[in-house]
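Below is one structure, written out as structure tokens; the observations come after it.
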Amino acid sequence: MLTLLTYPSAFGLFSASPFCVKSAFMLRQSGQAWRRSDMLDPRKMPHQKLPVLRTPERLVPDSDMIRTWLEQQGADFDKGLTDIQKAQSRTLVRTAEEHLYFHIVLDRWGNDEVWPILRETFFTGIPALIRKPVSSSIRKAVLKGINSQGIGRFSLPERLDRVERDLEAISAHLWQSPFLMGDQPTSADMSVGPMLAAMRATPVDTPLTQRIKQDTLLNSYVDRVEEALPLT
Ligand SMILES: N[C@@H](CCC(=O)N[C@@H](CS)C(=O)NCC(=O)O)C(=O)O
């Protein structure tokens, strides 16, 4: 049986990591038998990140590589899509994973109100006595990474403007159909849906959580993806 090595559920989500949720959606849609195995420390994993799929032969890191592996076994997450739709799907996936994701990271890790909740959710494996100093140094490293990536250098209004433009692009698809590429969920929904769900689920109200919660189209879209691809 396949095993998805994933961060545990948090904030009402299958996992705090949208990439873990994406992989779970893909496993579900592939029809393969699978189970989850939760972990908090990814340092022994091939990319020191999660998700990772344990197959009978090897560990497959990275949600995109998990997708490719499942496709090699016969899964088709974009059944019936034209080449142009597949190309549009790819750009939406990259928009979510390589841009929106970093705004979520900053919203979670850079916010002093969210931080104590994060610390007690993500670092429960660390003994209480040393949890604060250890988790603080990890927090510093994450924020340094966001600064190197570039998102951390924008002001809040600039960040919100960047997010807004992506959300407009996503919404343009949803004015026309219940899912990004039509009437059924496809690979784009399995990436974008979890990303917007994560944006909405940050456990303190922020401009980003509010942005999704107050948008009828996007809010109902996130619910629709979760209902179409139940993970329990
Ligand atoms: N490109 C990877 C991204 C995975 C990823 O960024 N995972 C994060 C959690 S959302 C992680 O494990 N971070 C741990 C670290 O960077 O130390 C994928 O698609 O799976």
Side-chain angles (χ1 to χ4, degrees), residues 2-30 34 36-55 58-72 75 77 89-111 114-115 117-119 121-126 131 134-152 187-203 208 231:
L2 301 171
T3 304
L4 180 66
L5 306 176
T6 170
Y7 292 108
S9 29
F11 318 141
L13 304 168
F14 169 89
S15 169
S17 161
F19 299 101
C20 292
V21 182
K22 165 190 168 184
S23 303
F25 280 160
M26 292 198 159
L27 279 160
R28 182 194 180 281
Q29 287 302 83
S30 75
W34 67 284
R36 70 183 290 166
S37 174
D38 291 354
M39 55 196 299
L40 284 165
D41 184 353
R43 279 176 298 176
K44 293 208 171 104
M45 293 295 107
H47 290 181
Q48 291 87 50
K49 284 177 187 277
L50 292 176
V52 170
L53 185 66
R54 183 185 292 129
T55 74
R58 64 186 177 100
L59 292 178
V60 181
D62 193 283
S63 65
D64 228 22
M65 285 159 66
I66 292 172
R67 172 183 177 174
T68 303
W69 188 88
L70 289 169
E71 286 172 340
Q72 284 164 352
F77 303 111
S89 169
R90 175 53 63 187
T91 58
L92 285 170
V93 168
R94 291 288 190 233
T95 298
E97 297 184 2
E98 306 299 340
H99 184 237
L100 289 179
Y101 170 67
F102 295 103
H103 290 274
I104 298 168
V105 173
L106 188 52
D107 210 36
R108 287 180 179 177
W109 292 77
N111 183 323
V114 179
W115 172 241
I117 304 171
L118 228 61
R119 190 176 56 220
T121 307
F122 293 168
F123 299 102
T124 48
I126 299 176
R131 192 173 299 156
V134 172
S135 59
S136 289
S137 77
I138 295 173
R139 184 189 190 196
K140 260 195 206 137
V142 169
L143 293 176
K144 199 171 160 203
I146 290 292
N147 207 47
S148 304
Q149 188 273 344
I151 293 295
S187 66
D189 301 293
M190 294 177 221
S191 279
V192 174
M195 208 56 74
L196 299 185
M199 194 176 276
R200 182 176 76 171
T202 298
L208 284 192
L231 288 173

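Counting convention: from 1, in listed order, for ligands and their atoms alike.
- Aromatic pair F122/Y7: centroids not less than 6.0 angstrom apart.
- Each of the following atoms of ligand 1 lies closer than 4.0 Å to a heavy atom of S17: 9 (C), 10 (S).
- The cationic group of R36 lies under 6.0 Å from the six-membered ring centre of F14 and within 45° of the ring axis, placing it in a cation-pi geometry.
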Could you go through the side chain to side chain contact (heavy atoms under 4.5 Å, CB included) check for D107 and V114 one step at a time?
-> CA-CA 8 Å; D107 210 36; V114 179; over 6 Å; no
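- Below 3.5 Å of separation, one finds an N or O of S63 facing an N or O of ligand 1.
- Evaluated by nearest non-hydrogen atom to atom 17 (O) of ligand 1, the leading choice among Q48, K22, H47 is Q48.
- Protein heavy atom in closest approach to atom 16 (O) of ligand 1: K49 NZ, 3.3 Å.
- Remark: minimum distance from atom 1 (N) of ligand 1 to any protein heavy atom is reached at D62 OD2, 2.9 Å.
- Aromatic ring pairs are classed by plane angle as parallel below 30°, tilted from 30° to 60° and perpendicular above 60°; the pair W115 and W109 is tilted.
- Counting protein heavy atoms only, atom 5 (C) of ligand 1 is closest to L50 O, 3.6 Å.
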Please test R54 against L5 for side chain to side chain contact (heavy atoms under 4.5 Å, CB included), starting from the C-alpha separation and ending with a verdict.
-> CA-CA 7 Å; R54 183 185 292 129; L5 306 176; 4.1 Å; yes
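- Which parts of ligand 1 touch Y101 is read off a 4.0 Å heavy-atom cut-off, strictly below it: atoms 6 (O), 8 (C), 9 (C), 10 (S).
- Taking every heavy atom of both residues into account, T124 and R131 meet most closely at O-NH2, 3.6 Å.
- Counting only heavy atoms of the protein, atom 12 (O) of ligand 1 lies nearest to Y7 OH, 2.7 Å.
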